[in-house]
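Note that these values count all heavy atoms, side chains included, but never hydrogens, waters or copies made by symmetry. For clarity, every value in this text was computed on a predicted model and none was experimentally measured.
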Amino acid sequence: MIPKCSIKLVSSLEKCFLDETIASKKERNRFLMYRNEKLSFQLLIHNDEDDHKSPSHFRLSVEGALAPYVQLREMVCVPNHYPACPASYDDNYLRTAPGLYPDLLRPIHNGGYLRYPCGQLRTVWVDVQIPEDAEVPTEETALTFALSYEYGKDNTDEVIAKCDASVRVSPVKLPAQKLIHTEWFYTDTIAELYHTEVWSEKHWEMIEKYIKVAVDNGINMILTPVFTPELDTYVGGERLTTQLVKITVTGQDTYAFDFGLLDRWVDMCERLGVKYFEIPHFFSQWGAKAAPKFVAAVDGEERRIFGWETDSLGDEYRLFLAQFVPALVAYCKARGIDKRCYYHISDEPSLKHLEHYLACKERVAPYLEGYAIIDALSSIEFYGKGVLKKPVPSIDHVVPFIEQKVEGLWTYYAGAGGATVRTDRYLAMPTARTRILGVQLYLHHIEGFLHWGYNCYHSCGSYDVVNPLGATDGETWAPAGDSFLVYPGTDGTVWESIRLNAMREAMDDIRALELCESVLGRERTEELISVGTTEPLTFFAYPKDSEYLLSLHDRVLLAIEESIQ
């Protein structure tokens, strides 16, 4: 018997749980896109039969002028053991109970068939991305999605449901991204999950895949392990060594440096489109008490020469930095990337660390004159001491920095303690709550956005490796989704998430607003943003519904089109 199915098109901002009804989701089947934009939306499928004992095989096909530029993926619900911090969440969460949550975007496999059981709401993710040299219609064009059912001994396919999307591709192109966007990138977890030796050809291959996905989604700065980043590591513990600069101890407190691996890294990053390079922190996290791990060849044997046991202000480390930092800067100058490098002292110092942080900074600052030093720093009193020109306050504490008109201001969010009111990227949150970040960053003239987890596949303190396919919360480190944006694909590729897609759309929103400003001016652009709002849009007060963002996208594009005709 041929099953009955319901299908519907919805926007990329819906999150569709397995136990929801298709009728509860708002249909959206008309789309407007910039010429160089990736358009994303979703096709919902509900197997309406209740008397089929086993799942049915379906095949989804696409026809129309834009069909060659369509990519289909399955949206997979993943386990979420820790959706929200119990003491710190607001009413803008979809759910707060453990369960299966929509997030993973997986390539369609199983011979191209979809195998769906009765009574569940399933989702196919649709991307439309048109090559620069392709000719496309200038008018609205239809994309027809046909769902067919396989039956009989001869595997006959019969179409059982159809729906159309109307897409218009504008000739308007988004400008290049200006916002600097970094999601901390971990080469060690790639080696650990794929059971490969650090800097082996397999390791390089996987690193390249991860960086390509990052760049394709608006991440244009990459944390570059010139030495192993000592981030979120328990005191006395070590992350797997991923040091790009080879060091040789040549005498008492003297060193030689080999930048060959870093050369390969820079070549790869520039080929993939990386614009900026983020240098790890020269001192340990939360107080700068120790040095990060450095390994070196000592009498022909590789040893750890600095680490938790190293006093950050000790003479031995001071003499090392006096040689290493100038050599690194000289290399970056020779490669022509020095003005695109950003340096760190220590992550998240507090006011009580002020004097020690300043003393540590003075160990490297003379060699970094004229270069950007950024650190996650949320104390306005700390900033007021003039220690750091380019602080990166958390969104929770950014308002005083905005009020002081800090030039070239950055911001970040991290939610191990939970999140209320502000935007974030937990699996339990509506997708619109993630994407609204773009509008917020634009309105507040933010230069850069930082987050700690592109692929942080560790437990809290980095005691153990965690596969996010089974533990989306870093084994209750932080609410699910905080520590990563991509999944390690079982087919040797990198699998994206709904949240990564929302972050890319947020970056595209900024590009669109910047284009609008260049054409219509800042005042008119802000007027377009304010349509449909009842109060000024801030990091803490913003429209919660997805329709606002969808309408804003089209409203801005139509205004640009009208102005340039």
Side-chain angles (χ1 to χ4, degrees), residues 180 182 184-185 187 198-199 204 207 211 220-230 241-284 288 291-298 302-307 310 312-347 358-375 388-390 408 448:
I180 304 173
T182 181
W184 281 352
F185 182 77
T187 52
V198 173
W199 309 131
W204 280 105
I207 288 170
I211 292 180
N220 54 11
M221 173 186 274
I222 294 293
L223 181 63
T224 297
V226 294
F227 53 90
T228 303
E230 205 68 67
T241 301
T242 53
Q243 181 176 304
L244 282 168
V245 179
K246 293 183 179 180
I247 303 171
T248 301
V249 176
T250 57
Q252 182 66 38
D253 295 324
T254 59
Y255 308 88
F257 308 103
D258 180 348
F259 295 96
L261 283 177
L262 182 55
D263 240 357
R264 180 171 178 176
W265 177 277
V266 173
D267 287 342
M268 173 188 64
C269 287
E270 294 202 312
R271 172 166 42 83
L272 295 173
V274 173
K275 300 298 183 186
Y276 305 96
F277 298 87
E278 185 177 5
I279 309 303
H281 304 73
F282 288 114
F283 301 91
S284 61
K293 178 171 72 170
F294 281 87
V295 298
V298 183
E302 187 174 275
R303 299 179 190 171
R304 180 166 54 84
I305 58 171
F306 300 114
T310 306
S312 57
L313 294 178
D315 285 342
E316 187 179 7
Y317 191 50
R318 175 181 60 81
L319 292 170
F320 171 78
L321 290 174
Q323 297 165 72
F324 176 73
V325 181
L328 177 61
V329 171
Y331 165 82
C332 293
K333 282 183 179 179
R335 279 302 308 250
I337 63 170
D338 57 312
K339 295 300 183 181
R340 293 183 282 129
C341 289
Y342 285 67
Y343 296 87
H344 290 291
I345 305 301
S346 175
D347 190 43
L358 181 58
C360 289
K361 182 191 172 188
E362 289 305 311
R363 292 291 170 94
V364 298
Y367 316 115
L368 299 176
E369 189 68 34
Y371 297 109
I373 299 175
I374 60 172
D375 272 327
L388 196 64
K389 293 180 180 178
K390 202 172 277 292

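Residues R340 and F277 have side chains in contact (heavy-atom distance under 4.5 Å, counting atoms from C-beta outward). Side-chain contact between I180 and N220 is present, with heavy atoms from C-beta onward closer than 4.5 Å. Contact annotation: the side chain of I247 never approaches that of F306 to less than 4.5 Å [non-hydrogen atoms, C-beta and beyond]. For the pair T187/V198, no side-chain contact is recorded, criterion being any heavy-atom separation below 4.5 Å from C-beta on.
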Carefully, step by step, assess Y317 and F283 under the rule ring pair (Phe, Tyr, Trp, His ring centres under 6.0 Å).
CA-CA 10 Å; Y317 191 50; F283 301 91; 5.7 Å; yes
Can you list the steps and then say if D267 with R335 is a salt bridge (charged side-chain N to carboxylate O under 4.0 Å, His left out)?
CA-CA 10 Å; D267 287 342; R335 279 302 308 250; 2.8 Å; yes
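Rounded to the nearest 0.5 angstrom, T224 OG1 and L328 CG are separated by 10.0 Å. Atoms CD and OG1, from Q323 and T254 in turn, are 6.5 Å apart once rounded to the nearest 0.5 Å.
Using bins of under 30°, 30° to 60° and over 60° for the plane-to-plane angle, the ring pair F320/Y255 lands in the perpendicular bin. Using bins of under 30°, 30° to 60° and over 60° for the plane-to-plane angle, the ring pair H281/H344 lands in the parallel bin.
Every side-chain hydrogen bond (donor to acceptor under 3.5 Å, both in side chains) that D338 has, sequence neighbours left out, goes to Y371.
No more than 12 heavy-atom neighbours from other residues, nucleotides or ligands sit within 6.0 angstrom of NZ on K246.
Between F324 and Y367, the ring center distance fails the sub-6.0 Å criterion.
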